[in-house]
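This report refers to the structure that appears directly beneath it.
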Number of protein chains: 2
Amino acid sequence: MTIIPATKAEPGDTRERILDVALDLFIEKGYDKTSLREIAEGLGFTKAALYYHFPSKQDILMALHYRSHSLLADSMASLKELDSDPAAWADIFDRQIDDMLANRKLFLMHERNRAALESIHEKDHDQGHQDLEDHFRRILQNPKVPLRSRVRLACAQGALLGGLMISGLSFTEVPVDELAGLLRETVRDTLGAPGS
Amino acid sequence: MTIIPATKAEPGDTRERILDVALDLFIEKGYDKTSLREIAEGLGFTKAALYYHFPSKQDILMALHYRSHSLLADSMASLKELDSDPAAWADIFDRQIDDMLANRKLFLMHERNRAALESIHEKDHDQGHQDLEDHFRRILQNPKVPLRSRVRLACAQGALLGGLMISGLSFTEVPVDELAGLLRETVRDTLGAPGS
DNA sequence: GTCTATATTTCGATAGAC
DNA sequence: GTCTATCGAAATATAGAC
């Protein structure tokens, strides 16, 4: 398995088209139950042709993972404050909400293929691949952070994912701005009042 | 595929032992990447013996699904109020929190195998199989319920799942009562003040 | 109820022509 | 860049003995 950087070539590129088709199928049927044959059929050519663009099926999933990874780069930049200061969490979530809403499908895929993603994630130690979720996990296990704050952090992350997942399916007609506002206010309440 | 009722025979029953082993493996590796051979090895006998107890691999997953289904039976009973009265939602979640905390593994499995569960869920129309999540989905698509309430409902469900999932991994040493209290208060905030 | 085979299928991956 | 053809592995499921 080789690591494929998340470079976006010009649109219409076969490589990107493969990822788009795979993304839809991974959401609809899940990674494991999606065969390369199905992906190829969705593109109008055969299974073997995929291997010109991706050395393995896992690399297709990896490439999609890197898409979301690069999307959250901005949120990642401000992660250092995350450990020490629970009061700053809400702002970080605010930024995340925008990123995620703009790319719902990517995170829907992530949500529906946790097992598959984690199994390739383990083999990723060669790269300095610091994941947003890894960072969350570390905070949640940090005994210096009050338990109450940790529970609320875990719930806030779940609330955001839950809201996005449902919104990706049920609230497609609602303007993103309105949705973002509602999510922001809800996540803030989940995190709790700063002085509570 | 046949439907297997969630009857609990006496403990030590092979059937239940199979489900326990399968539950652990489905959480750890995911349904798709867990082979019948692995399940059988965890029990000390061979793959073929499983087929005496379950007609197919999917039926093992189904049986586990029915376990969680029966666990939420109580919460289901009070679901009729759910559509009309957002103020009553918090109470229903309260009941759910207890049920889910007492059976974290089951819902952890559910969370990590959404794709697999949904694919068998579609073939389940023969049974009058009213799912809790189905019911939620219906409310979330009901235009009579204010959008703000629907978003908060979706987020509350996500918050609960997120909290449980993390707690199932990180907060194992925390007493359930304390955890339940924190989750209750957090979910309430996620749903929002009754009069807000 | 559990075993030893074995049947059957499907899929990921490769080789090599065009 | 895409094709045909095929390999090899792994998994689900079955048949029938004990």
Side-chain angles (χ1 to χ4, degrees), chain A residues 1-4 7-26 28-65 113 115-117 119-120 122-123, chain B residues 1-4 7-26 28-65 113 115-117 119-120 122-123:
Chain A
M1 188 168 72
T2 57
I3 303 302
I4 287 131
T7 52
K8 276 206 175 180
E10 50 263 28
D13 190 2
T14 305
R15 196 193 143 82
E16 295 301 311
R17 281 174 54 227
I18 291 173
L19 290 179
D20 289 337
V21 170
L23 180 57
D24 286 337
L25 286 169
F26 290 170
E28 189 193 321
K29 319 188 37 167
Y31 172 76
D32 292 285
K33 290 200 166 55
T34 300
S35 69
L36 295 177
R37 189 183 52 77
E38 286 172 298
I39 297 174
E41 273 176 3
L43 287 155
F45 51 68
T46 70
K47 187 174 60 166
L50 291 175
Y51 282 91
Y52 177 82
H53 301 275
F54 294 94
S56 79
K57 187 187 179 185
Q58 283 203 358
D59 285 279
I60 299 179
L61 186 59
M62 279 286 275
L64 287 171
H65 178 61
N113 293 285
L117 275 163
S119 73
I120 68 165
E122 293 162 4
K123 304 167 190 167
Chain B
M1 189 168 74
T2 57
I3 303 302
I4 287 130
T7 52
K8 276 206 177 181
E10 51 263 28
D13 189 2
T14 306
R15 195 193 144 83
E16 295 301 311
R17 281 174 55 228
I18 291 172
L19 290 179
D20 289 336
V21 171
L23 179 57
D24 285 337
L25 286 169
F26 290 172
E28 189 194 320
K29 320 187 35 165
Y31 171 77
D32 292 285
K33 289 197 167 55
T34 300
S35 68
L36 295 177
R37 189 183 52 75
E38 286 172 298
I39 297 174
E41 273 176 3
L43 287 155
F45 50 70
T46 70
K47 188 173 63 167
L50 291 176
Y51 282 92
Y52 176 81
H53 301 275
F54 295 93
S56 81
K57 187 186 179 187
Q58 284 204 356
D59 284 279
I60 299 178
L61 186 59
M62 278 287 274
L64 286 171
H65 178 60
N113 294 284
L117 275 163
S119 75
I120 68 165
E122 293 162 3
K123 303 168 189 166

Measure the distance from [atom1] on [X] to [atom2] on [N] and round it to the nearest whole Å.
| X | N | atom1 | atom2 | answer |
| --- | --- | --- | --- | --- |
| Phe45(A) | dT4(D) | CZ | C1' | 16 Å |
| Ile60(A) | dG12(C) | CD1 | C1' | 11 Å |
| Arg37(A) | dT9(C) | CZ | P | 15 Å |
| Leu36(A) | dT2(D) | CG | P | 15 Å |
| Arg17(A) | dG1(D) | CZ | P | 12 Å |
| Glu38(B) | dT12(D) | CD | C1' | 14 Å |
| Lys33(A) | dT9(C) | NZ | C1' | 15 Å |
| Tyr52(B) | dG16(D) | OH | P | 18 Å |

Between [options], which nucleotide gets closest to the side-chain atoms of [X]?
| X | options | answer |
| --- | --- | --- |
| His53(A) | dT2(C), dT2(D), dA13(D) | dT2(D) |
| Ser35(A) | dA11(D), dA13(D), dC11(C) | dC11(C) |
| Lys47(A) | dG12(C), dC3(C), dT12(D) | dG12(C) |
| Ala48(A) | dA13(D), dG12(C), dC3(D) | dC3(D) |

Do any N or O atoms from the side chain of Glu38(A) and from the backbone of Ser35(A) form a donor-acceptor pair under 3.5 angstrom?
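A pair under 3.5 Å: yes.
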Between the side chain of Asp32(B) and the main-chain N/O of Ala116(B), is any donor-acceptor distance below 3.5 Å?
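Pair absent, no side-chain N/O of Asp32(B) close to backbone of Ala116(B).
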Looking at dA13(C), I'd like to know if its phosphate oxygens (OP1 or OP2) sit under 4.0 Å from a side-chain N or O belonging to Tyr51(A).
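Answer yes for this pair, as a side-chain N or O of Tyr51(A) is under 4.0 Å from OP1 or OP2.
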Has Thr46(A) got a side-chain N or O lying under 4.0 Å from the OP1 or OP2 atom of dC3(D)?
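Result: yes.
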Atom pair CG (Leu19(B)) and CG (Leu61(B)), whose distance is rounded to the nearest 0.5 Å
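Here the rounded value is 10.5 Å.
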Is NZ or CZ of Lys57(B) both nearer than 6.0 Å to the six-membered ring centre of Tyr31(B) and within 45° of the ring axis?
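Ring-cation test returns yes.
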Taking only Lys NZ, Arg NE, NH1 and NH2, and the carboxylate oxygens of Asp or Glu, determine whether Lys47(A) and Glu41(A) approach each other closer than 4.0 Å.
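Result for this pair is no, no salt bridge flagged.
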